[in-house]
Amino acid sequence: MTDTVAERLAAICARIAAAEREAGRPEGSAALVAVSKTFPAEDMLPALAAGQRLFGENRVQEAEGKWPALVAAHPDIELHLIGPLQSNKAREAVALFDVIHTVDREKIAAALAAEMNRQGRRPRLFVQVNTGLEPQKAGIAPREAAAFVDRCRSVHGLAIEGLMCIPPAEESPGPHFALLAKLAREIGVGALSMGMSGDFETAIAFGATHVRVGSAIFGGRPPLTPPRESAA
Ligand SMILES: *Cc1c(COP(=O)(O)O)cnc(C)c1O
């Protein structure tokens, strides 16, 4: 087990390159989004020094506290919002992020379109698909994805670059990645945001263009919410 952020990052990059080769894909065709949620700004420094530039955060407010100073020092940083977006945070999200992976309902599409027109900034957009139809998970249902992407374009004037999914934790991810890739082909979008620390190589085999890897680079995170039993 390697023990620094720089060493773990280098190991992940090597595994991504190997997975690309294995899949017969061009080197660099699967971009690494280093998921930095819950980790402080200082933990980003070794990753930045190693040349990593794509970073993912799942909360707008946390990202606002962590990234503006780092972006000022490294203007080529690309910030990806990979967590659920509330429409009342659309303004901040459009101002800070370069890519938003989690467009999943009409209200968000409308709020993003309004903010993009107001600010003159156009973050690249992915539509999140709930491939496992999990009630607790964000994302549009697979059978509604094509119509939703169409409405993003025709009603809201949004260019949709790709699709994103988070497969159910307890299921084999391959079929979910295959479903997302099939939907993207049918819809006619090129980018696929899929694969995390535990399954990014599988995702690359199924065509991922963006893998979102956090704990394998930055280390383990405390659980987001306390277990139900211990909640006050
Ligand atoms: C936290 C998170 C990741 C990274 O997960 P790891 O298992 O730590 O690699 C990827 N995608 C989303 C949407 C996340 O919230």
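All values below come from the heavy atoms of this structure, side chains included, with hydrogens, waters and symmetry mates left out. Indexing begins at 1, ligand by ligand and atom by atom, following the structure's order.
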Problem - Donor-acceptor under 3.5 Å (Q52 side chain, L54 main chain) - result: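 Flag set: sc Q52 to bb L54 pair under 3.5 Å.
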Exercise for the section: Measure from the side-chain N and O atoms of E144 to the backbone N and O of I140, and report whether any donor-acceptor pair falls under 3.5 Å. Expected result: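 No; judged by distance alone, with no hydrogens or angles, the pair does not exist.
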Exercise for the section: Let me see the working for K89 and E92 under salt bridge (charged side-chain N to carboxylate O under 4.0 Å, His left out), right down to the final yes or no. Expected result: CA-CA 5 Å; K89 285 281 194 303; E92 292 84 349; 5.8 Å; no
[atom] - nearest protein heavy atom and its distance:
atom                    : result
atom 6 (P) of ligand 1  : S197 OG, 3.5 Å
atom 12 (C) of ligand 1 : I82 CD1, 3.5 Å
atom 10 (C) of ligand 1 : M196 SD, 3.2 Å
atom 2 (C) of ligand 1  : K37 NZ, 2.6 Å

Problem - Carboxylate-amine/guanidinium proximity below 4.0 Å for R91 and E115 - result: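 Result for this pair is yes, salt bridge flagged.
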Handout entry: Salt-bridge present (E161, R124; N to O < 4.0 Å)
Key =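 Between R124 and E161 there is a salt bridge, with a charged N closer than 4.0 Å to a carboxylate O.
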Exercise for the section: In sequence, state the C-alpha distance, the side-chain angles, and the governing distance for K137 and D104, and then conclude on salt bridge (charged side-chain N to carboxylate O under 4.0 Å, His left out). Expected result: CA-CA 11 Å; K137 203 164 268 176; D104 69 346; over 6 Å; no
Problem - Contact (N/O only, under 3.5 Å) between S215 and ligand 1 - result: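 Right, the criterion is met.
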Problem - Any N/O pair G214/ligand 1 closer than 3.5 Å - result: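 Yes: some nitrogen or oxygen of G214 is under 3.5 Å from one in ligand 1.
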Problem - Within reach of ligand 1, part of H101 (heavy-atom separation under 4.0 Å) - result: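 It is neither; nothing of H101 touches ligand 1.
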Pull out every atom of ligand 1 sitting under 4.0 Å from any heavy atom of [X], numbered as shown with elements.
X    : answer
V213 : 9 (O)
R212 : 4 (C), 9 (O), 10 (C), 11 (N), 12 (C), 13 (C)
I166 : 13 (C)
R221 : 1 (C), 5 (O), 6 (P), 8 (O)

Exercise for the section: Indicate the atoms forming the closest heavy-atom contact of E62 with F39, along with that distance. Expected result: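 Of all heavy-atom pairs spanning E62 and F39, the closest is OE2-N, 4.1 Å.
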Exercise for the section: State, yes or no, whether a side-chain contact exists between I204 and E20 at a heavy-atom distance under 4.5 Å. Expected result: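 In contact.
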